[in-house]
Visitor: 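Before anything else, here's the structure in question.
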Amino acid sequence: MATVIVPPAENTRRPGWITQLRLPVLLALSFIGVIVLIPIVTLLYLTFTTSSPTADAAWYERFSLEQFRILFGQVDYWRYASNSLTVSLVYTIPAVFSSMLAGYAFARLRARGSNILFAIVIATMLVPLFVYLVPLFVIYSRLGMTNTVLPWLLWGLGGNAFYIFLFRQFFDAFPSEIEDAAMLDGLNRWGIFVRVIIPNSYTPIATVSILAFTGVWGEYLVQNVLLFNDSAATLSVRLGAGVIDPTGTVLLLPATLAGIFLYLIPPVLMFIVFQRQIVQGSATSGMK
């Protein structure tokens, strides 16, 4: 009779030190989570409570939309929100397209020096904004582009180094055989890009679109420098100045927080709806 040798069962138990560290790690993460939630809870509480509650009123009896009434009475909120939306879209649409073109060129149209050029593009991410903010203001002011969306249009057409990197990593992992088959069918490089690449690139397109939109929507410094007229000011700049009472002397903090609450809704909703695309796009950036 043949002897059947059964291999020893693998030890699937985790090392003891991992089990011992589980509880301290959970406690530390819970503590960090509480710290992160404190300002959010404070924001919600001050936004949806009345400014002058009675002393014996319970917390649920203090619920009020009074802060929004004060906000809309003191600030032309929707005009500033429209300016923010315009600036964000004017940058996002060309930035996505130009970065996609550049990423595809770096991934597929290899030429002598292309790797060096790509390294230079990535190196621009290391230059802090404060280094070139003043020269930007001087150049755009002399060209008459301050208080307009033209600077963001030019930045969008120039692409973004991080977005180019995301697209390039995605196209590096994209099967080149599909493009070869399309080329045999008679498509040129531009036809392949439009009819093959773009329909199969919805994940990085969605990721870059969300990152670009929320990046401009939540930006303050550059908008404060280049859009200094009240008619061109964006929502981030206006809320940064706070909501002031009619006398111009008192900061209405709860009303300001109500404006911040509304200001946070668009990027939060975009992240919730498209979080899967964001995660997939970030994971793709590490593929080769």
Side-chain angles (χ1 to χ4, degrees), residues 84-127 140 143 145 148-217 219 266-267 269-288:
S84 291
L85 180 63
T86 301
V87 171
S88 299
L89 292 178
V90 164
Y91 173 79
T92 299
I93 296 174
V96 172
F97 187 71
S98 60
S99 299
M100 189 176 183
L101 284 174
Y104 181 75
F106 280 122
R108 288 291 188 264
L109 307 179
R110 299 296 176 90
R112 180 177 298 179
S114 60
N115 291 332
I116 297 177
L117 181 59
F118 180 71
I120 294 175
V121 172
I122 297 301
T124 60
M125 298 170 58
L126 302 177
V127 182
Y140 286 130
L143 294 176
M145 293 185 181
T148 68
V149 298
L150 291 179
W152 283 268
L153 177 61
L154 295 178
W155 292 332
L157 293 175
N160 179 279
F162 180 64
Y163 306 154
I164 293 173
F165 170 76
L166 288 179
F167 277 120
R168 193 241 192 184
Q169 295 301 99
F170 176 81
F171 294 138
D172 266 344
F174 190 81
S176 59
E177 292 80 5
I178 300 178
E179 300 175 58
D180 295 337
M183 192 170 295
L184 291 176
D185 288 338
L187 289 179
N188 56 17
R189 183 63 69 176
W190 177 253
I192 292 174
F193 181 78
V194 173
R195 301 179 62 178
V196 177
I197 298 299
I198 292 180
N200 290 280
S201 304
Y202 290 145
T203 294
I205 290 175
T207 302
V208 171
S209 299
I210 295 169
L211 293 177
F213 181 87
T214 56
V216 177
W217 179 269
E219 199 275 327
L269 286 180
M270 290 185 67
F271 179 80
I272 292 175
V273 174
F274 299 104
Q275 59 180 326
R276 186 175 65 179
Q277 284 79 4
I278 295 176
V279 173
Q280 290 178 352
S282 301
T284 302
S285 65
M287 296 176 60
K288 178 62 179 176

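Counting from 1, the numbers follow the sequence of the chain as shown.
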Visitor: For a quick test of reading the model, state the closest non-hydrogen atom pair linking W217 to P267 and the distance between them.
Guide: NE1-CD, 3.8 Å
Visitor: Sequence neighbours excluded, which residues qualify as side chain to side chain donor-acceptor pair (under 3.5 Å) partners of E219?
Guide: none
Visitor: Do the non-hydrogen side-chain atoms of L85 and F213 ever get within less than 4.5 Å of each other?
Guide: yes
Visitor: Between F171 and S201, is there a side-chain heavy-atom distance shorter than 4.5 Å?
Guide: yes
Visitor: For R189, which residues count as a side chain to side chain donor-acceptor pair (under 3.5 Å) partner, sequence neighbours excluded?
Guide: Y104, E179
Visitor: Side-chain donor-acceptor contacts of residues 148-161 below 3.5 Å, not counting sequence neighbours, with atom names and distances?
Guide:
residue : atom : partner : partner atom : Å
T148    : OG1  : M145    : O            : 2.5
T148    : OG1  : L150    : N            : 3.4
W155    : NE1  : Y140    : OH           : 3.1
N160    : OD1  : F162    : N            : 2.9
N160    : OD1  : Y163    : N            : 3.3

Visitor: Quick one: side-chain contact (heavy atoms from CB on, under 4.5 Å) partners of P175, sequence neighbours excluded?
Guide: E177, I178
Visitor: Report the C-alpha distance between M270 and S209 in whole Å, list the side-chain angles of each, state the deciding distance to 0.1 Å, and finish with yes or no for side-chain contact (heavy atoms from CB on, under 4.5 Å).
Guide: CA-CA 10 Å; M270 290 185 67; S209 299; over 6 Å; no
Visitor: For D185, which residues count as a side-chain contact (heavy atoms from CB on, under 4.5 Å) partner, sequence neighbours excluded?
Guide: none
Visitor: Please give me the minimum heavy-atom distance between L211 and T214, naming the atom from each residue.
Guide: O-OG1, 3.3 Å
Visitor: Just verifying a value: how many Å separate L101 CG and L109 CG, rounded to the nearest 0.5 Å?
Guide: 10.0 Å
Visitor: Please give me the minimum heavy-atom distance between G103 and F167, naming the atom from each residue.
Guide: CA-CB, 4.1 Å
Visitor: Identify the heavy atoms of R168 and F106 that sit nearest to each other, and give their distance.
Guide: CG-CB, 3.7 Å
Visitor: Measure the spacing between CE of M100 and CD1 of I197 and express it to the nearest 0.5 Å.
Guide: 7.0 Å
Visitor: I need the R108 CZ to D172 CG distance, nearest 0.5 Å.
Guide: 7.0 Å
Visitor: For the residue pair L89 and P94, what are the closest heavy atoms and their distance?
Guide: O-CD, 4.1 Å
Visitor: When you compare the side chain of P204 with that of L166, does any pair of heavy atoms fall below 4.5 Å?
Guide: no
Visitor: Could you list the donor-acceptor pairs under 3.5 angstrom formed between side-chain atoms of residues 113-120 and any protein atom two or more places apart in sequence or on another chain?
Guide:
residue : atom : partner : partner atom : Å
S114    : OG   : A111    : O            : 2.9

